[in-house]
Every structure is written in structure tokens, then in C-alpha cells.
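Read through the structure below, which is laid out as C-alpha cells, and then see the notes.
Given the structure is predicted, the values throughout are model-derived calculations rather than measurements.
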Amino acid sequence: MLVDERRKKIKEILLRDKSVKVSELVRYFNVSEETVRRDLNELEKEGLIKKNYGGAVLVEELQNAIMVIPPVQQRKFEFSKEKDAIGRDAAGLIADKNTVILDAGSTTWSVSRHLNDRQGITVVTNSVDIAQEFGKDDGTEVIVIGGKLIKKSMSLVGPQAEAELRNYNADIVFVGVSGISLSKGFTSSDIYEAEVKRAMVSAGRKRVVVADHSKFDRQGLIAFADFKDIDVLVTSDLADKDVLRAIRERGVEVIISSVMEEAIDLPITH
């Protein structure tokens, strides 16, 4: 088993059990104790675990950050006016004949809805919903990458998706997030989706994060990109201005969509 695959599996175990023991990992992977300790050292550097005698535990803040994410069909109606404004402004970054990678998610789906006037673009996506949206447009070439379907997000993930993304050199990539933290960067609440997002970021010449105001100062389980890995953040004027200033200072261009506060939909709580 490759190093990255083993560490991904350790993350899965941590997500499920909240803790691991070195001795159990040695037996499970049939590797040396030294190898397992190197793996845990790397996961500690990522901020995922806190090592203890004989093993490690998922850090408390991440245990609290494991959120129940509503299905993407429901999330489309949360802050929908804000997401539509963000999608419109993000779509303005796309030129005719661009190759565009679009991540699965409700805000990236909003980007896709503003691209019907682009000529000759090619869209690569892991989103069933985004592929369906472009199915209405005969002028756009759509490539759907393969993988395991996560039904709550209607996204395709896994090693197959990651391998396919390595074949692309896109003009621009758009990814969504579960959270944005000044200490951890851009995060996802799903291990598999985080790996695909990381592969997408690597496949683009211009890397764009789209996020509504609720994603700030929130930390998902896995960090998939640091601020140095992202060129542009598109959000709205409802986001915390001090946080946006700090993100700009980290070298990210910030585009702020104008949204009237009274027009913002309340989040769905049931």
C-alpha cells in the first residue's frame, strides 16, 4: 500500500473511531512501528490528531467540527440569493473557450447556472447536478469524471476521480468548501471529497474558491488547500471584513459580491 493510501485509511479510522493505537495500525497495515509513527507525525502536522502514549486521538476541535451536512438539493435553497450573486461574479472570471473544472456543491452549481452565454467552453466536473445543468446547453462540452457516488452531495470521489483529474490542465478551477479558517485554510468535512478538491486545485492554472458568508471561521475535518494554493476567493459582503482583510494579506485576491442583507434567505434548520 502506498504511503498516501495508508494515511488516508488512518484518517478514515480516526473519523470513525476518534482514536487509533500504534500497535493496532502496525498489525492492520503490516508495517513497522517506526512507519506508523511517521504517519502519525504527518497527521499531527496537518492538525488532525494529538498524539498520546501508544497512539493518537482526533483533536477535540475537529471532533466538534464533524457536522451533519444536509443534502446538496437542500443546500441549494440555503442563502440562495447570496450564492446566486457569488456564482454570477465567479462566472465572470471564465472566458470563451476555457477549460473549466467545477467541484460538486451548491455554490459551484450556482456558478454553472451563469455560463450559458460562454462560447466553446469545456466543463470537467465530479457533480451529477452540474452535469445535468449543462445538459440543457448544447454548446458546452461536458466531461464527468468517474468514481464512487456520495449521494448527499451527488459528487463522484475516490482514486478513480483523483487519477482522472491528474490528466487535466484546466484554465480555471472552482471549488467549494465546508469551512475557511485563518489557521487551517480551506477545509472539507469529507475525507474523500477533500482529496478530490486537492486534485482539482493541482489541475488548474487559476484556482478559485467560492463560499457564502456562513463558511468563515468554521473548520471542516480535512484541510485541502492553504492560502498560497488559491488565487481568488469569491464571497459576499456579508462575510466578516476583518477575516477578508487577513485573507488578502495572505496573497489571495478577494472578490466581494454585493448582496442586500434583507434579501438573504435564512438557513434551513430542520
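One finds the CZ atom of Arg205 at 8.0 Å from the OG1 atom of Thr99 (value rounded to the nearest 0.5 Å). Once rounded to the nearest 0.5 Å, the distance linking CG of Asp103 with OG of Ser188 reads 8.5 Å. Rounded to the nearest 0.5 Å, atoms CD1 (Ile86) and OG (Ser236) are 5.0 Å apart. Between the CD1 atom of Ile222 and the CZ atom of Arg198 there is a distance of 7.5 Å, given to the nearest 0.5 Å. Taking CG of Asn30 as the reference point, atom CZ of Arg6 lies at 11.0 Å (rounded to 0.5 Å). In this structure, Lys215 NZ and Thr187 OG1 are separated by 10.5 Å, a value rounded to the nearest 0.5 Å.
The existence of a salt bridge linking Arg207 and Asp231 is confirmed by a sub-4.0 Å separation between a basic side-chain nitrogen and an acidic carboxylate oxygen. Using a 4.0 Å cut-off between a side-chain N of Lys or Arg and a carboxylate O of Asp or Glu, Glu42 and Arg38 do not qualify as a salt bridge. Comment: Arg113 engages Asp84 in a salt bridge, judged by a side-chain N to carboxylate O separation of less than 4.0 angstrom.
With no hydrogens or angles considered, no side-chain donor-acceptor pair links Ser127 and Thr125 at under 3.5 Å. Side-chain contact, Ser155 with Glu193: a donor N or O sits under 3.5 Å from an acceptor N or O. Defined by atom type and a distance below 3.5 Å, a donor-acceptor pair is missing between the side-chain atoms of Thr107 and Ser110. No hydrogens or angles considered: nothing links the side chains of Ser112 and Glu133 as a donor-acceptor pair under 3.5 Å. A donor atom on one side chain and an acceptor atom on the other are found under 3.5 Å apart for Ser106 and Lys83.
A 4.5 Å side-chain heavy-atom check between Ile143 and Tyr168 finds at least one atom pair inside the cut-off. Between Thr122 and Val100 there is no side-chain heavy-atom pair separated by less than 4.5 Å. You'll find the side chain of Leu233 reaches within 4.5 Å of the side chain of Leu244, heavy atoms only. Side-chain atoms of Met200 and Val124, non-hydrogen and from C-beta on, never get closer than 4.5 Å to each other. You'll find the side chain of Glu82 reaches within 4.5 Å of the side chain of Leu238, heavy atoms only. Residues Phe186 and Val175 have side chains not in contact (no heavy-atom distance under 4.5 Å, counting atoms from C-beta outward). Counting heavy atoms from C-beta on, the side chains of Leu102 and Phe134 come closer than 4.5 Å. Asp39 has its side chain out of reach of Val31: every pair of non-hydrogen atoms, C-beta onward, lies at least 4.5 Å apart.
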message: Pair Val232, Val209 - check side-chain contact (heavy atoms from CB on, under 4.5 Å), show working.
response: CA-CA 6 Å; Val232 183; Val209 167; over 6 Å; no

- request: For salt bridge (Lys or Arg N to Asp or Glu O under 4.0 Å), just list the numbers for Arg118 and Asp96, CA-CA rounded to whole Å, side-chain angles, deciding distance to a tenth of an Å, and then say yes or no.
  value: CA-CA 5 Å; Arg118 297 302 187 280; Asp96 291 346; 5.0 Å; no

message: For Val208 and Val173: C-alpha separation, side-chain torsions, deciding distance, then whether side-chain contact (heavy atoms from CB on, under 4.5 Å) applies.
response: CA-CA 6 Å; Val208 183; Val173 171; over 6 Å; no

- request: Step by step, work out the side-chain contact (heavy atoms from CB on, under 4.5 Å) result for Ile101 and Phe174.
  value: CA-CA 6 Å; Ile101 294 178; Phe174 295 88; over 6 Å; no

field: Intermediate values then yes/no, side-chain contact (heavy atoms from CB on, under 4.5 Å), Leu165 and Val196
entry: CA-CA 8 Å; Leu165 284 164; Val196 170; 3.8 Å; yes

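Annotation for Lys51: atom NZ counts as buried by contact number, over 12 foreign heavy atoms lying within 6.0 Å.
The nearest pair of heavy atoms linking Ser257 to Ala85 is OG-O, 3.4 Å. Among all heavy-atom pairs drawn from His213 and Thr235, the shortest one is N-OG1, 4.2 Å. Closest approach of Ala90 to Val111, counting heavy atoms only: CB-CG2, 3.9 Å. The shortest heavy-atom contact between Glu44 and Lys50 is OE2-CA, 4.3 Å. Here the shortest heavy-atom pairing between Ala56 and Leu14 reads O-CD2, 4.4 Å. Scanning all heavy atoms of the two residues, the minimum distance from Val243 to Phe216 falls at CG1-CD2, 3.8 Å.
Linking ILVMFWY residues whenever their side-chain heavy atoms come closer than 4.5 Å, directly or via other members, leaves Val3 and Leu25 in distinct clusters.
A distance-only check finds no donor-acceptor pair linking the side chain of Glu33 to the backbone of Val26 [under 3.5 Å]. Listed for the Asp237 side chain is a donor-acceptor partner under 3.5 Å among the backbone atoms of Val259. Judged purely by atom type and a 3.5 angstrom limit, Asp190 uses its side chain to pair as donor or acceptor with the backbone of Tyr192.
Among residues two or more places apart in sequence or in another chain, the salt bridge (Lys or Arg N to Asp or Glu O under 4.0 Å) test is passed with Glu253 by none. For Asp242, the side-chain hydrogen bond (donor to acceptor under 3.5 Å, both in side chains) partners two or more places apart in sequence, or in a different chain, are Arg245.
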